[in-house]
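Here is the structure we will look at.
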Amino acid sequence: MRYVVWIAALVLTSLVGCQTVETTERGLVGIDRKQTMSPLVPADAFNKAAADEYQKVLQAMNKKGQLNRDPAQVERVRRIAKRLIPNTSAFRADAPGWAWEVNVISSDEVNAWCMPGGKIAVYTGLLARLKPTDDELDAVMGHEISHALREHSREQASHQAVEGGIINIVGAATGYGGLVQDLGPAVLNVMFNLPHSRTDETEADRMGVELAARAGYDPRAAVSLWEKMSQLEGKRSPQSSTLSGGKPPEWLSTHPSDERRTHDLENYSERVASLYESARKR
Ligand SMILES: [Zn+2]
């Protein structure tokens, strides 16, 4: 009987116990959507799981000779990240102190991502096929970093935990700790299988242009990057099997209409133009 009560209590916690959180400050771009997180997916445990999965990805790539093969590329993405990271403080004070990592993966796929807690990968396919300027590459990285600042992946995993809450809890008769230890697959699922929502993409777009401007990169580069990306998508060849399996490249994951996205990026890069001007004078 006591066991039943315990399960009922956990089910209740998972279903109604979601906490409303504010992962980030509004910034000049005014991101203020209320987010909910499940106590089944605590930030510390989720970020730890992400860090572990990131190391596994790097090891696997290294073994295949697909990690950081071109020192100039590695230097380039790390240099851009180094300018961006201090500016994450505009959205959350703790972020500059995260254990950030930036690596280049050899893959034809046009992709880049940032795992929870600041674990970044840029694919050589993006560098080779988009030929981004530094400003454009910054736009990609700022967008990916913004997903991590907003903890979009944890939010997604939270919603999944709540939807599957009862099964998870009954299955995890070993106790609460058993659930927490099992977050690695959840990280991989949200990173590589599930697309972000349009709302998440829009938030990452807007925060990305602000990060760019604060770092002294031209925020309008997000517009030209997106145009290059959608042109490429029009003549995209079938994807070879890659890390991300069936998921389309992150940047394209939800297909807001090109026009709408371009318009939004233009609008928001205009809003942060003064930040860009003052960053350039420094
Ligand atoms: Zn995105």
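Starting from 1, each residue takes its place in the sequence as its number. Side chains included, hydrogens not; waters and symmetry mates left out as well; all remaining heavy atoms used. Both counts, for ligands and for their atoms, begin at 1 and track the order of listing.
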Shared hydrophobic cluster for Phe46 and Val21 (ILVMFWY, side-chain gaps under 4.5 Å) =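 Different clusters.
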
Residue pair Asn189 / Gln156, side-chain donor-acceptor N/O under 3.5 Å =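 No - no donor-acceptor pair under 3.5 Å links their side chains.
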
Any pair counted as ring pair (Phe, Tyr, Trp, His ring centres under 6.0 Å), so long as it reaches residues 262-282, sequence neighbours left out =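 Those involving residues 262-282 do not exist here.
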
His147 N/O/S atom closer than 2.8 Å to the Zn ion (ligand 1) |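 His147 does place an N, O or S atom closer than 2.8 Å to the Zn ion (ligand 1).
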
Return yes when at least one N/O/S atom of Glu201 is nearer than 2.8 Å to the Zn ion (ligand 1), and no when none is.
->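 Checking Glu201: at least one N, O or S atom is under 2.8 Å.
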
Val77 and Leu137, any side-chain heavy atoms less than 4.5 Å apart |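 Counting from C-beta outward, Leu137 and Val77 do come under 4.5 Å.
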
For the Zn ion (ligand 1), find the closest N/O/S atom belonging to His143 and write down its atom name.
->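 Of all N, O or S atoms in His143, the Zn ion (ligand 1) lies closest to NE2.
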
